[in-house]
Amino acid sequence: MADRFPPDRSNPPGLVPFAEARATVLDRVTPLPQREIPLSEALGCVLAADVRAGEDLPPFANSSMDGFAVRAADLAGASAERPAALRLAGEVFAGSARLPAVAPGTAVRIMTGGPLPPGADAVIPVEQVGGDSDTVLVPNPVAEQAFVRQAGEDVRAGAVVLEGGRVLDPAAIGMLASVGRSSVPVLPKPRVAVVSTGDELVDPGEPLGPGQIRDSNSWLLVAQARDAGTDAFRCGRLHDDPLALRRGFALAAAEGDFVLTSGGVSVGDRDYTKQVLAELGDVRSWKVAMQPGMPQAFGRAAGTLLYGLPGNPVSCFVVFEVLVRPALRKLAGHPPERLDRPRVLARLGEPVRSPKGKVSFLRVRLTVGDDGLVATLTGAQGSGVLSSCVAADGLAIVPEPADGLPSGAQVEVVLLREDLAWVS
């Protein structure tokens with residue numbers, strides 16, 4: 001087990017408890033002001049107010065089948081031996097404006113969605129009739145209103161069709177269109193600006209020079225922020241000099257509702273980033289009692305909320321999931337119960353360690369055992385082992401008082417993938 005965990009170093013002083021750090025972050029976040037946006041842009045946004053139907057849905061009685069609009073009384077006593085013979089008096093299609101009347105002894109051909117013509121009170125499906133181009137032979141009676149969708153059958157004018165606070169999913173978008181809404185009041189998706197800093201960073205596709213590494217964190221953070229329901233974008237890479245950092249962070253703050261950056265917040269890091277962020281606002285560097293991801297920064301820079309995440313990729317990934325994601329979800333207008341990913345209870349399939357005084361978030365796989373879900377480590381748990389996140393189904397939480405848990409102990413697991421929702 002020892003080779004799967006980083007060394008247990010003594011905890012530095014001044015650690016902020018994880019729960020306190022989370023509360024501090026969420027207390028400073030307020031949802032963005034509501035805005036009316038086009039329906040085409042509303043998917044994934046939080047609805048800001050109840051929406052009422054301005055008209056009945058459907059707006060008129062119509063056929064639910066391809067068939068013939070008839071008068072039910074004309075078919076009383078019809079049988080296979082003595083089918084009712086009805087004269088064809090016209091046709092009705094979906095969208096027809098001029099409707100032929102259905103007089104006694106007649107029928108009108110009608111397509112699905114076609115308005116029910118005057119005089120008709122039922123529809124008989126085309127599969128149930130015979131006849132020729134002039135006459136319809138109906139071998140059975142039909143009940144009044146059979147295969148007829150009544151006006152307002154789905155929604156009555158004035159009824160609330162969607163309640164404020166709902167996330168606008170495809171079904172909600174379809175309902176809004178059905179009741180005639182071309183725009184909708186929403187709490188908009190936050191624009192999240194992701195800033196990379198460091199002369200050692202190289203973009204994917206570029207050759208690596210001596211001492212250089214790939215800029216993976218900015219791509220990781222953009223993907224995580226988009227997955228959380230925001231409009232996230234990369235602002236490019238800033239060089240390690242005060243002027244470039246000052247300009248870059250000020251521009252990111254102007255373009256985004258929230259700024260993310262990684263690295264430059266650890267003890268021993270070059271002071272430029274921390275110095276510039278302090279000059280631009282009230283960004284506070286702190287050490288949160290969690291593993292991985294202790295060094296962080298949070299506050300406002302040039303008037304915009306900013307979160308500084310650790311430079312190690314696993315630390316960056318975990319801190320986003322458990323601290324930044326809830327903040328972005330609150331900014332987008334989600335209620336408290338929708339800030340976090342779903343969680344499940346599982347039993348550990350092996351003993352684990354955790355540093356004293358810190359909450360640990362272990363990357364685990366989930367399997368179904370005889371007594372429920374079993375969580376096992378994905379492998380080495382070091383803060384630079386990004387493959388541990390790639391293989392993970394969730395983050396197993398080892399609470400702060402514990403310095404480890406035995407095999408079989410029950411743990412809470414944050415689910416990382418939507419396809420695992422079935423286990424919750």
Side-chain angles (χ1 to χ4, degrees), residues 1-26 266-267 286-296 298 309-310 312-327 336 339-389 391-417 420 423-424:
M1 184 177 68
D3 61 337
R4 305 182 81 171
F5 289 88
D8 184 8
R9 301 182 177 90
S10 60
N11 294 327
L15 288 182
V16 178
F18 174 79
E20 180 182 327
R22 177 185 166 95
T24 298
V25 172
L26 290 178
S266 298
V267 174
W286 57 7
K287 301 170 185 174
V288 180
M290 62 180 290
Q291 182 170 293
M294 181 178 67
Q296 302 169 35
F298 177 66
L309 294 92
N312 284 320
V314 175
S315 300
C316 183
F317 176 89
V318 171
V319 170
F320 180 94
E321 289 296 330
V322 298
L323 289 174
V324 180
R325 180 185 174 94
L339 299 184
D340 294 290
R341 292 188 184 274
R343 298 187 179 193
V344 296
L345 294 177
R347 297 197 176 276
L348 289 172
E350 58 187 299
V352 299
R353 292 207 316 255
S354 179
K356 294 179 181 179
K358 294 182 181 180
V359 180
S360 285
F361 297 91
L362 306 176
R363 281 72 68 206
V364 296
R365 294 187 184 91
L366 292 173
T367 55
V368 179
D370 293 338
D371 298 323
L373 292 175
V374 178
T376 55
L377 299 175
T378 57
Q381 297 288 297
S383 59
V385 186
L386 190 56
S387 58
S388 70
C389 299
D393 295 323
L395 300 173
I397 304 172
V398 181
E400 181 181 329
D403 59 1
L405 292 172
S407 179
Q410 189 176 70
V411 291
E412 198 171 25
V413 179
V414 179
L415 297 179
L416 292 175
R417 303 203 316 264
L420 290 169
V423 305
S424 60

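Remember, predicted model here, so these are calculated numbers, not experimental data.
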Visitor: Mind listing the closest non-hydrogen atom pair of Val411 and Ala396 along with its distance?
Guide: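 Taking Val411 first and Ala396 second, the nearest heavy atoms are CG2-CB, 4.2 Å.
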
Visitor: Name all residues meeting the side-chain contact (heavy atoms from CB on, under 4.5 Å) criterion together with Ala19; count only those two or more places apart in sequence or in a different chain, and write none if there are none.
Guide: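 Per chain and number, Ala19 pairs via side-chain contact (heavy atoms from CB on, under 4.5 Å) with no residue.
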
Visitor: Let's go through Leu373 and Leu345 carefully: what are the C-alpha distance in whole Å and the side-chain angles of both, what is the deciding distance for side-chain contact (heavy atoms from CB on, under 4.5 Å) to 0.1 Å, and is it a yes or a no?
Guide: CA-CA 7 Å; Leu373 292 175; Leu345 294 177; over 6 Å; no

Visitor: Would you call Asp371-Arg347 a salt bridge at under 4.0 Å N-O?
Guide: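 Arg347 and Asp371: not salt-bridged.
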
Visitor: Looking at Ala21 and Val16, what are the two nearest heavy atoms and their distance?
Guide: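 Shortest heavy-atom separation between Ala21 and Val16 comes out as N-CG1, 3.9 Å.
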
Visitor: Would you check if Leu415 and Pro342 make a side-chain contact, meaning some heavy-atom pair closer than 4.5 Å?
Guide: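 In short, these two side chains touch, coming nearer than 4.5 Å.
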
Visitor: Measure the spacing between CZ of Arg353 and CD of Gln381 and express it to the nearest 0.5 Å.
Guide: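 So the gap between those two atoms works out to 11.0 Å.
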
Visitor: Side chains of Pro295 and Lys287: does their closest heavy-atom pair fall under 4.5 Å?
Guide: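 They are not in contact (no side-chain heavy atoms under 4.5 Å apart), so the answer is no.
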
Visitor: Measuring from Leu323:CG to Phe298:CZ, what's the distance to the nearest 0.5 Å?
Guide: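 Going from CG on Leu323 over to CZ on Phe298, the span is 10.0 Å.
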
Visitor: Could you state the interatomic distance from CZ (Phe361) to OG (Ser354), rounded to the nearest 0.5 Å?
Guide: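 Rounded to the nearest 0.5 Å, the CZ-OG separation comes to 9.5 Å.
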
Visitor: What are the two closest heavy atoms between Leu348 and Pro406, and how far apart are they?
Guide: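 It is CD1-O, 3.8 Å.
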
Visitor: Roughly how far, to the nearest 0.5 Å, is the CG atom of Leu395 from the CD atom of Glu412?
Guide: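 Glu412 atom CD to Leu395 atom CG measures 11.5 Å (nearest 0.5 Å).
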
Visitor: What I'd like to find out is whether the side chain of Arg363 reaches to under 4.5 Å of the side chain of Val385, using heavy atoms alone.
Guide: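 Not in contact.
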
Visitor: Which is it for Met290 and Glu400 under the side-chain contact (heavy atoms from CB on, under 4.5 Å) test, yes or no, and what are the steps along the way?
Guide: CA-CA 8 Å; Met290 62 180 290; Glu400 181 181 329; over 6 Å; no

Visitor: Under 4.5 Å between any side-chain heavy atoms of Ser315 and Leu309, yes or no?
Guide: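 Result no, sub-4.5 Å side-chain heavy-atom pair not found.
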
Visitor: Taking all non-hydrogen atoms of both residues into account, name the closest pair between Ala289 and Gly357 and its distance.
Guide: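 Ala289 and Gly357 have their closest heavy atoms at CB-O, 3.3 Å.
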
Visitor: Please report the closest heavy-atom contact between Thr378 and Ser388, naming both atoms and the distance.
Guide: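 Here Thr378 and Ser388 meet closest at OG1-O, 3.2 Å.
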
Visitor: Per the side-chain contact (heavy atoms from CB on, under 4.5 Å) rule, which among Leu416, Val414, Asp340 passes with Glu321?
Guide: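 The single option meeting the side-chain contact (heavy atoms from CB on, under 4.5 Å) with Glu321 is Leu416.
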
Visitor: OG1/Thr367 to CG/Asp393 distance, rounded to the nearest 0.5 angstrom?
Guide: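 So the OG1 of Thr367 and the CG of Asp393 are separated by 9.0 Å.
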
Visitor: Mind checking the CG-CG spacing from Leu26 to Leu339? Nearest 0.5 Å is all I need.
Guide: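 These two atoms lie 6.5 Å from each other.
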
Visitor: Kindly indicate whether the side chain of Ser383, heavy atoms from C-beta on, has any atom under 4.5 Å from the side chain of Pro310.
Guide: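 No, their side chains stay 4.5 Å or more apart.
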
Visitor: State, with a plain yes or no, whether a side-chain heavy atom of Leu362 is found less than 4.5 Å away from one of Val398.
Guide: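 Yes, side chains in contact.
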
Visitor: As a quick check of understanding, evaluate side-chain contact (heavy atoms from CB on, under 4.5 Å) for Val288 and Lys358, giving each step before the final call.
Guide: CA-CA 8 Å; Val288 180; Lys358 294 182 181 180; over 6 Å; no

Visitor: For Ala327 versus Val25, what's the shortest heavy-atom pair and its separation?
Guide: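 Shortest heavy-atom separation between Ala327 and Val25 comes out as CB-CG1, 3.7 Å.
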
Visitor: Under 4.5 Å between any side-chain heavy atoms of Val359 and Val322, yes or no?
Guide: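 No, side chains not in contact.
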
Visitor: Would a 4.5 Å heavy-atom cut-off, applied to side chains only, mark Val374 and Leu366 as touching?
Guide: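 No - every pair of side-chain heavy atoms lies 4.5 Å or more apart.
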
